[in-house]
Amino acid sequence: MTKHDVATQAETGIGGLDDVLGGGFERGRVYLLEGSPGTGKTTIALQFLMTGAALGEKCLYVTLSETEDELHMTAKSHGWTLDGLDIFELVPPESLLDDDQQQSLLYSSDLELGEATKRIFENFERVKPSRVVIDSLSEIRLLAQSSLRYRRQILALKHYFARSGATVLMLDDMTTEVNDKTVHSVAHGVVRLEELAPEYGAERRRMRVVKYRGRRFRGGYHDIAIHTGGVKIFPRLISAEHHKEYDRQVLSTDTPELDSLLGGGVERGSGVLLLGPAGTGKSLLALTFVKTAVARGERAAMFVFDEEIGLLTQRALGLDIDLKAMIASGNLVLEQVDAAELTPGEFSARVRECVEAHGARTIVIDSLNGYQAAMPGEGALILHIHELLQYLNRRGATTFLTVAQHGLVGDMKSPVDVTYLADTVILLRYFEAVGRVRRAISVVKKRMSAHEDSIREYQINSQGIRLGPPLTGFQGILRGVPELIEPVALLGSGPA
């Protein structure tokens, strides 16, 4: 078998990883997969070999650290069988007490290292595999005892496998005290897996391609999730790769006053930010946009971070919006998102699936406060939101984001400022008039067209969102304590 007898790419079977690597591993090369214990190295290696076996290739797993029984248990936990794989356990447990396996104390490492290498080569010649996994280099490093001997041993393995045309994946659990970069310079490519432990919630895993000779790859960190069934990798979203031609038409709502406030409606492929304190109706206002989208015959998706879906569904019925019927008809995807369990990359992948697989043209993220909880820091939040909004805009999806501000009236603060990223900003406010707490709505930004610069009172009832005439008789509404300068008609009452 030579390198020219097979395709040039050895696919890993992990869609996200193949995407990051630009198609997979180049055949006939040696690669390093490194990471601390528990980051998913063995699972990825098994998927790599099982993909090869499914393609009819011969595959060899050389294990120096885990037993064959442990590998089968790992496979069983994912619902796999390792049929078709040759597993070679370099030091079987039953031979540990065999006198023939015991070495003298004098130069024992030399004898053990030579014997280990010899047995690896013997099994390789027996199987003649296309794909090989060596798990792990830590044991070879211990046998070598010195950096020089370790490097010479790795070079010997590399040149041997290169002549055979096999694609080799070496695993390293990085358990040595010295950060040895020997294999980095020898390997054709290096993939690093990392595990992060946040103060609250499940551990987070991510990967990065450290090097890949002669190949363009997707740089940076990419989130990883280990589920039953294997490892899933979520490539970092790059919006520039997803441009799509579409008609940037103006989408009207079912409320003439709201259309007037928005200058005719909301443009397709734009981002709309609903900004206001808790209780002003941001989620319900977003639901009215979902309702009108479904009424137009489009599909929508709503991702809820803060509210239990059952409660949201019940509240929506109060506005004559039947979310269950929309879901049953296939026009709405409604997902509850647990920020403590979901990585930003996995969330982006879910949004992409709704747009590309389900054809959703209206996306609601409720709210950015909950989305922020899934982020390592505010700077990362801005970058993630920027790429996600740009992606949705370029795919022709209209996005509605809600942000809850801290405080009720006066000088309110937002947990993160994303107003500059949105094309349209709708501001919701409380204000006091005639002894009652009232709500006001205004559009403070709209990139695509002119909009009404007035402030209107609004109410939320069984008929949905009801807007009143512009509040021209007040000033200071946005501060929460307006001053009446002339009589004005308020909703639900006579002139103030």
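It should be emphasised that the depicted structure is a prediction, and the values quoted were computed from it without experimental measurement.
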*Asks:* Is it the case that Thr292 and Asp254 place a side-chain donor and acceptor less than 3.5 Å from each other?
*Replies:* no

*Asks:* Does Pro277 offer a backbone N or O that forms a donor-acceptor pair with the side chain of Lys282 under 3.5 Å?
*Replies:* yes

*Asks:* Just wondering, do Asp423 and Leu389 contact through their side chains at under 4.5 Å, heavy atoms?
*Replies:* no

*Asks:* Do any N or O atoms from the side chain of His78 and from the backbone of His227 form a donor-acceptor pair under 3.5 angstrom?
*Replies:* yes

*Asks:* Any donor and acceptor pair, going by atom type alone, linking the side chain of Arg438 with main-chain N or O of Phe431 inside 3.5 Å?
*Replies:* no

*Asks:* Tyr212 side chain to Val191 main-chain N or O, any donor-acceptor pair under 3.5 Å?
*Replies:* no

*Asks:* Identify the two heavy atoms, one from Leu82 and one from Leu46, that lie closest to each other, and give their separation to 0.1 Å.
*Replies:* CD2-CD2, 4.1 Å

*Asks:* Backbone N or O of Val444 within a donor-acceptor pair of the Ser442 side chain at under 3.5 Å?
*Replies:* no

*Asks:* Is the shortest side-chain heavy-atom distance between Phe347 and Asp223 below 4.5 Å?
*Replies:* no

*Asks:* Tell me, yes or no, whether the heavy-atom count around Arg216 atom CZ, taken from other residues, nucleotides or ligands under 6.0 Å, exceeds 12.
*Replies:* no

*Asks:* Under 4.5 Å between any side-chain heavy atoms of Ile321 and Met326, yes or no?
*Replies:* yes

*Asks:* Is the backbone of Ala404 close enough, under 3.5 Å, to the side chain of Asn369 for a donor and an acceptor to pair up by distance?
*Replies:* yes

*Asks:* Got Leu17 and Met207 here, is their nearest side-chain heavy-atom distance under 4.5 Å?
*Replies:* yes

*Asks:* Could you verify whether a donor N or O on one side chain and an acceptor N or O on the other, from Glu452 and Ser260, lie under 3.5 Å apart?
*Replies:* yes

*Asks:* Looking at Asp18 and Thr12, would you say the former's side chain and the latter's main chain have a donor-acceptor pair under 3.5 Å?
*Replies:* yes

*Asks:* Please say which of Lys446, Gln249, Arg447 ends up in a side-chain hydrogen bond (donor to acceptor under 3.5 Å, both in side chains) with Glu267.
*Replies:* Lys446

*Asks:* Please say whether more than 12 non-hydrogen atoms of neighbouring residues, nucleotides or ligands are located less than 6.0 Å from CD in Glu356.
*Replies:* yes

*Asks:* So which of Arg361, Arg268, Lys291 actually passes salt bridge (Lys or Arg N to Asp or Glu O under 4.0 Å) with Glu298?
*Replies:* Arg268

*Asks:* Take Thr399 and Tyr391 through the test side chain to side chain contact (heavy atoms under 4.5 Å, CB included) and record every step on the way to the result.
*Replies:* CA-CA 10 Å; Thr399 311; Tyr391 162 77; over 6 Å; no

*Asks:* Is the closest basic N to carboxylate O distance between Asp173 and Lys41 below 4.0 Å?
*Replies:* no

*Asks:* Does some side-chain heavy atom of Glu432 sit less than 4.5 Å from a side-chain heavy atom of Val437?
*Replies:* no

*Asks:* What is the minimum heavy-atom distance between Asp172 and Met174, and which atoms define it?
*Replies:* OD1-N, 3.0 Å

*Asks:* Side chains of Ser239 and Arg394: donor-acceptor distance under 3.5 Å anywhere?
*Replies:* yes

*Asks:* Heavy atoms only: give me the nearest Thr280-Ile460 pair and the separation to one decimal.
*Replies:* O-CD1, 4.1 Å

*Asks:* I want to check something: taking the side chain as every heavy atom from C-beta on, are Leu421 and Ile385 in contact at a cut-off of under 4.5 Å?
*Replies:* yes

*Asks:* Keeping the roles fixed (side chain from Arg236, backbone from Gly219), state whether a donor-acceptor pair exists under 3.5 Å.
*Replies:* yes

*Asks:* Work out which heavy atom in Gly38 is nearest to a heavy atom in Ile226; give both atom names and the distance.
*Replies:* O-CD1, 4.5 Å

*Asks:* Should the pair Arg456-Glu257 be classified as a salt bridge under the 4.0 Å nitrogen-to-oxygen rule?
*Replies:* no

*Asks:* Work out which heavy atom in Ile363 is nearest to a heavy atom in Ala397; give both atom names and the distance.
*Replies:* CG1-CB, 4.3 Å

*Asks:* Counting only heavy atoms not in Lys232, do more than 12 sit closer than 6.0 Å to its NZ atom?
*Replies:* no

*Asks:* Between the side chains of Glu194 and Arg206, is the shortest nitrogen-to-carboxylate-oxygen separation below 4.0 Å, so that they form an ion pair?
*Replies:* yes

*Asks:* NE2/His184 to CD/Glu34 distance, rounded to the nearest 0.5 angstrom?
*Replies:* 3.5 Å

*Asks:* So, does Arg131 use its side chain to make a donor-acceptor pair with the main chain of Phe48 at under 3.5 Å?
*Replies:* yes

*Asks:* For the atom pair CG (Asp322) and CG (Leu317), what is the distance rounded to the nearest 0.5 Å?
*Replies:* 5.5 Å

*Asks:* Take atom NE2 of His242 as the centre, draw a 6.0 Å sphere, and report whether it contains more than 12 heavy atoms from other residues, nucleotides or ligands.
*Replies:* yes

*Asks:* Looking at Asp135 and Thr63, would you say the former's side chain and the latter's main chain have a donor-acceptor pair under 3.5 Å?
*Replies:* no

*Asks:* Taking side chain as C-beta onward, heavy atoms only, is Glu26 less than 4.5 Å from Tyr31?
*Replies:* yes

